[in-house]
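One structure is given here, and the rest of the page talks about it.
So that the names make sense, note that chain A is the first sequence line, chain B the second, and so on, each numbered from 1. The shown structure was predicted, so the numbers you read here are calculated from the model rather than taken from an experiment.
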Amino acid sequence: MSERRKQYPFAEFEPKWQACWEEKKTFSVPNPGDEGFDASKPKYYVLDMFPYPSGAGLHVGHPEGYTATDIITRYKQMRGFNVLHPMGWDAFGLPAEQHAIKTGEHPRINTERNTDNFRRQLKALGFAYDWDREINTTSPDYVKWTQWIFLQLYNSYFDEETQKARPISELEGKGLSREEIDDKRLAFVADTPVNWSPDLGTVLANEEVDEWREKGHTVERRPLRQWMLRITDYAQRLIDELEPLDWPDGIKQLQTNWIGRSEGAEVDFEISGEKVTVFTTRPDTLFGATYMVLAPEHPLVAQITTTEQKEAVEAYQKECSMKSDLERTELAKEKTGVFTGGFAINPVNGEQIPVWIADYVMMGYGTGAIMAVPAHDERDFAFAQKFAISVIEVVQAPEGNEDECFAGNGIAINSDFLNGLSTPEAKAKITEWLEEKGLGKKTINFKLRDWLFSRQRYWGEPFPIIWKDGQHQAIDESELPLLAPELEDYKPSGSPEGVLAKAIDWIELPDGSRRETNTMPQWGGSCWYYLRYCDARNSDAFISDEAENYWMGGDDQTGGVDLYVGGTEHAVLHLLYARFWHKVLFDLGHVSTPEPFQKLVNQGLIMGEDGRKMSKSFGNVVNPDDVVAQYGADSLRLYEMFMGPLEQVKPWSMKGVEGVYRFLARVWRLVLETNQEGEWVINPKLADIDPEKRTNKTVHATIKKVQNDIDAMSFNTAISQMMVCTNDLTKLDQIPVSSVVTLLHVLNPFAPHITEELNARLAVAFDSVSADELAHRPWPEFREDFLIEDEIELVVQVNGKVRDKLHISPDMPKEEIEALALASEKVKAFTDGNTIRKVIVVPGRLVNIVAN
RNA sequence: GCCGAUGUGGUGGAAUUGGUAGACACAGCAGACUUAAAAUCUGUUGAUCCUCGGAUCGUGCGGGUUCAAGUCCCGCCGUCGGUACCA
């Protein structure tokens with residue numbers, strides 16, 4: 001690192017102010033009922049996405065969102081809000097366990113080391129977190145409540161009628177059997193084909209498969225007994241209740257598509273006496289069905305397969321079972337399939353159509369069976385082409401559409417009683433017809449699957465469940481938290497039971513029952529952390545009603561976290577899971593709003609200086625520690641915000657850091673200069689004088705722009721305005737102290753250290769300057785009357801091109817402006833010889849003369 | 001393929017939402033200070049032409065609407081991100 005002389009002594013005062021904030025608890029906020037709580041202030045809850053404290057420490061991408069929320073926090077505090085701005089650690093997870101497997105060191109130790117480092121790095125940036133509320137998902141008092149919430153899920157079911165979770169005890173009263181009840185729990189056990197990774201020794205969620213495959217681990221399909229959460233019951237509400245939220249449209253769409261609602265019909269076909277139900281979104285094309293496809297795993301395949309086809313069918317089934325969902329989709333550019341020998345009867349016309357099995361039909365979606373209409377479905381068309389199956393056109397494509405396969409809406413043809421109807425009409429009519437005859441019904445399907453919630457890991461929350469006589473049951477709440485036992489080593493047991501299976505003493509209970517050996521996925525802890533922050537030290541409840549009501553309260557337009565900032569990588573999974581848990585807690589009366597996050601903002605990725613993604617392998621990772629050492633925390637914060645709009649992807653530039661560093665140095669020198677001894681003394685140009693009109697204008701325009709830009713989270717333009725203001729003040733021969741203090745005040749949320757330091761020094765030199773911390777003073781009010789101009793510049797255009805500029809009073813009447821514009825010599829040069837057709841006057845902006 | 005972003009000087013990016021394109025920075029160039037360098041300060045910096053007053057062109061490309069388009073409409077192209085046989 002270059003030993004260039006520092007332009008201002010940030011290394012001295014930045015740690016000083018950080019220590020001061022920590023000691024005075026400047027950014028700790030009391031809860032309702034606590035000492036010092038001011039109930040008259042409105043609340044504002046600003047949240048950063050929960051970080052995983054990785055061994056690599058912070059990189060410059062982290063402080064991007066953190067600085068944005070920090071500015072908002074400090075600003076809102078000055079505007080008289082009680083601001084909740086917490087930080088904590090999503091500290092369970094595979095990397096710490098992988099480390100434990102390699103070294104034999106307990107993952108707790110590694111986790112602690114990493115969180116200590118993260119905390120140190122964050123504190124070095126001067127963030128206004130309320131560290132009294134710091135939480136850690138791995139701490140026993142947090143685990144306790146994660147497990148408690150799991151038990152809420154376990155002890156609830158989804159009531160279809162009210163679309164709400166209800167206590168499972170209500171079903172017990174209705175005389176349902178044990179099995180029937182277990183089948184309704186929101187947390188349930190199922191034997192499902194899962195993604196088992198032998199070398200990781202765990203099952204992975206569908207969404208996680210890619211990530212671990214990329215890291216070189218193998219993943220295969222295997223049916224195993226797993227805990228699942230019934231998120232699919234909430235599919236409709238997860239779509240509907242997303243609507244009013246202040247989230248980016250793209251993210252809303254992403255979630256909606258992920259949930260994947262599609263409306264259609266189930267239709268019953270008959271295959272040699274057996275009923276087979278297919279799902280279709282195009283029941284109107286039923287007359288065009290020329291074959292049927294079952295998923296290779298469909299339970300009826302064996303029954304309907306003829307002896308001649310048996311061998312081929314079984315071979316195909318085996319081939320498919322070897323492939324994962326992924327391989328089936330990724331590698332299968334070419335359609336494959338086998339004829340079963342069986343025929344299905346189309347219920348609308350009694351036609352016999354061949355039944356095939358093919359892997360382009362998934363068992364997990366709809367009914368695992370489709371009617372194939374090659375004339376109006378791309379996939380069916382490709383399949384029919386390959387296997388020479390006939391194509392019957394049943395929808396008239398609009399004029400000019402010559403595609404062989406037309407999937408759009410049109411007019412029904414070759415369809416008996418549907419002929420002549422438009423696609424929506426035909427859909428309605430056929431569905432009604434099917435329902436009348438008892439051959440089918442209107443159905444809604446979702447892509448969303450139930451959430452696979454168990455992992456075979458050590459470093460996660462154990463399930464608060466024991467098994468007795470083959471049945472699961474919850475342990476008593478008083479036994480929470482249930483912590484994992486210490487182990488000799490953390491290597492996977494190799495069995496799908498997971499690592500905890502090794503801890504015999506822990507598993508086997510005196511009464512012969514056994515503990516569940518699965519643990520929860522990392523998502524568990526991060527699903528509700530924002531609630532815990534509201535009441536982080538409560539040992540009687542996961543959150544108190546008072547704290548919940550205050551920090552999370554509101555209606556469906558205002559309730560929940562007021563501002564949630566994080567990366568797009570959590571657009572679907574984390575945000576969907578957290579919303580699901582929140583809704584269950586809401587239904588059960590534990591929280592007061594249906595949605596957890598009212599406003600969501602995604603910060604854009606910061607790329608390396610070479611324009612590529614920051615990564616160790618490219619050697620382009622920038623460590624914030626180095627930037628702080630060289631330019632100070634304020635420079636880093638300011639640069640992160642000055643780079644460009646928050647949501648945008650943008651490349652890092654050390655030259656850019658230097659630019660904002662120079663700006664901060666200019667602010668410093670506005671207040672101080674070095675004397676002969678090299679000491680910093682008050683700039684002699686500073687004086688306790690009333691600012692001139694134009695100085696007031698700059699300063700007050702700055703207040704206005706900065707506050708508007710903070711509200712709009714347009715931090716880069718706020719900073720450029722403060723640069724303009726600084727440049728203007730620097731040019732003055734006599735600089736009014738009050739103007740400088742105002743500048744420091746509006747700059748404070750962005751660069752808190754240097755501004756507090758300068759204010760403190762000014763307070764010593766000038767009686768007029770308050771020695772109170774800027775952080776504690778109310779945001780300055782701008783005066784609109786200072787912004788009014790005596791004279792404005794008005795552009796005169798001829799046919800849209802600027803030809804002259806007028807300097808006039810802002811309230812000059814239109815007619816006068818017009819006359820003045822037409823009188824201009826420069827304008828005349830362009831209008832001479834032409835007829836003036838029209839003159840447009842836009843007050844305060846321009847005059848456009850149309851002439852030809 | 002589909003969905004979503006995005007395209008403005010050498011670079012990061014501004015532009016009151018239809019009204020002077022290029023604010024603010026970075027880099028460059030010239031000058032001041034200095035024995036010298038760094039730092040700092042001042043000026044200059046979209047392109048082309050120029051009689052130094054200015055003229056013409058210019059926001060990915062092609063059309064259109066309008067007195068006026070980076071901004072609105074239609075059709076393309078490029079880059080980035082997500083997703084993929086969901087019937």
Which stems, defined as runs of 3 or more consecutive Watson-Crick or G-U wobble pairs with both pairing distances under 3.5 Å, involve RNA chain B?
B:1-7 with B:77-83, B:10-12 with B:24-26, B:28-32 with B:40-44, B:46-49 with B:54-57, B:60-64 with B:72-76
What heavy-atom pair brings Leu294(A) and Ala369(A) nearest, and what distance separates the two atoms?
CD2-CB, 3.4 Å
What nitrogen or oxygen pairs link the protein and nucleotides 4-12 of chain B at under 3.5 Å?
{"unit_1": "rG12(B)", "atom_1": "O2'", "unit_2": "Met643(A)", "atom_2": "O", "d": "2.8"}

How long is the gap from CZ on Arg261(A) to OG1 on Thr256(A), to the nearest 0.5 Å?
11.5 Å
For Thr281(A), answer base if it contacts any base atom (sugar-phosphate contacts may also be present), sugar-phosphate if it contacts only those atoms, and nothing otherwise; contact means non-hydrogen atoms under 4.0 Å.
sugar-phosphate
Between rC24(B), rA87(B), rU40(B), which nucleotide gets closest to the side-chain atoms of Ser720(A)?
rC24(B)
Among rA15(B), rC85(B), rC67(B), find the nucleotide with the atom closest to the side chain of Lys838(A).
rC67(B)
Kindly say if Arg662(A) contacts the phosphate of rA27(B), meaning a side-chain N or O under 4.0 Å from OP1 or OP2.
yes
Touch class at under 4.0 angstrom, heavy-atom based, for Val850(A) against every strand present
sugar-phosphate
Between rG78(B) and rA25(B), how far apart are the two P atoms, rounded to whole Å?
38 Å
Would you say the side-chain atoms of Ser653(A) pair up with the backbone N or O of Gly656(A), donor to acceptor, closer than 3.5 Å?
yes
Base-contact (B) and sugar-phosphate-only (S) positions in nucleotides 43-54 of chain B, heavy-atom cut-off under 4.0 Å, - elsewhere
------------
Rounded distance in Å between the C1' positions of rG7(B) and rC61(B)
11 Å
How would you label the contact of Arg669(A) with the nucleic acid (heavy atoms, under 4.0 Å): base, sugar-phosphate, or nothing?
sugar-phosphate
Under 3.5 Å side-chain donor-acceptor pair for Asn602(A) and Thr568(A):
no
Measure from NZ or CZ of Lys697(A) to the centre of the six-membered ring of Phe786(A), then state whether that distance is under 6.0 Å and the direction lies within 45° of the axis.
no
With sugar-phosphate meaning primed atoms plus P, OP1 and OP2, does Pro248(A) contact a base, only sugar-phosphate, or nothing at under 4.0 Å between heavy atoms?
nothing
Could you tell me whether Lys447(A) contacts a base, only the sugar-phosphate backbone, or nothing, with contacts defined as non-hydrogen atoms closer than 4.0 Å?
base
Syn-anti status, with the boundary at 90° from 0, for the nucleotide rU71(B)
anti
Residue mapping more 5' on RNA chain B - nearest nucleotide basis, Gly368(A) or Ser653(A)
Ser653(A)
What is the distance, to the nearest angstrom, from the NE2 atom on His807(A) to the P atom on rU20(B)?
15 Å
Contact class for Asn716(A) vs. all strands (heavy atom < 4.0 Å): base, sugar-phosphate, or nothing?
sugar-phosphate
Atom pair NZ (Lys613(A)) and CG (Asn620(A)), whose distance is rounded to the nearest 0.5 Å:
11.5 Å
Rounding to the closest angstrom, what is the interatomic distance between rG60(B) and rA55(B) at atom C1'?
27 Å
Under 4.0 Å, counting only non-hydrogen atoms across every strand here, what does Thr568(A) touch: a base, just sugar-phosphate, or nothing?
nothing
Conformer about C1'-N of rG62(B) - syn within 90° of 0, anti elsewhere
anti
Test side-chain hydrogen bond (donor to acceptor under 3.5 Å, both in side chains) on Thr67(A) and Tyr639(A) and set out the steps.
CA-CA 10 Å; Thr67(A) 306; Tyr639(A) 176 64; over 6 Å; no
Please tell me which of the listed nucleotides, rU83(B), rG13(B), rA87(B), lies nearest to the side chain of Trp258(A)?
rU83(B)
From CA spacing to verdict: side-chain hydrogen bond (donor to acceptor under 3.5 Å, both in side chains), Thr336(A), Tyr316(A):
CA-CA 9 Å; Thr336(A) 60; Tyr316(A) 185 74; 2.7 Å; yes
Heavy atoms under 4.0 Å, any strand shown: does Lys801(A) hit a base, just sugar-phosphate, or nothing?
sugar-phosphate
Per atom distances to the Asn727(A) side chain, the nearest of rC85(B), rG82(B), rA25(B) is rA25(B)
What's the closest nucleotide to the side chain of Val724(A) if the choices are rG13(B), rG19(B), rC24(B)?
rC24(B)
Whole-Å C1' distance, rC73(B) and rU66(B):
12 Å
Taking the same atom, P, in rC76(B) and in rG10(B), what whole-Å distance lies between them?
29 Å
If you pin Lys655(A) and Asn257(A) to their nearest nucleotides in RNA chain B, which one's is more 5'?
Asn257(A)
Span that lies between the P atom of rG22(B) and that of rG46(B), in whole angstrom:
10 Å
For Gly656(A), answer base if it contacts any base atom (sugar-phosphate contacts may also be present), sugar-phosphate if it contacts only those atoms, and nothing otherwise; contact means non-hydrogen atoms under 4.0 Å.
nothing
Phosphate contact (rA87(B) OP1 or OP2) by Asn445(A) side-chain N/O below 4.0 Å
no
Please confirm whether the shortest side-chain N or O distance from Arg612(A) to OP1 or OP2 of rU79(B) is below 4.0 Å.
no
Within the side chain of Asp450(A), is there an N or O that forms a donor-acceptor pair under 3.5 Å with the backbone of Ile231(A)?
yes
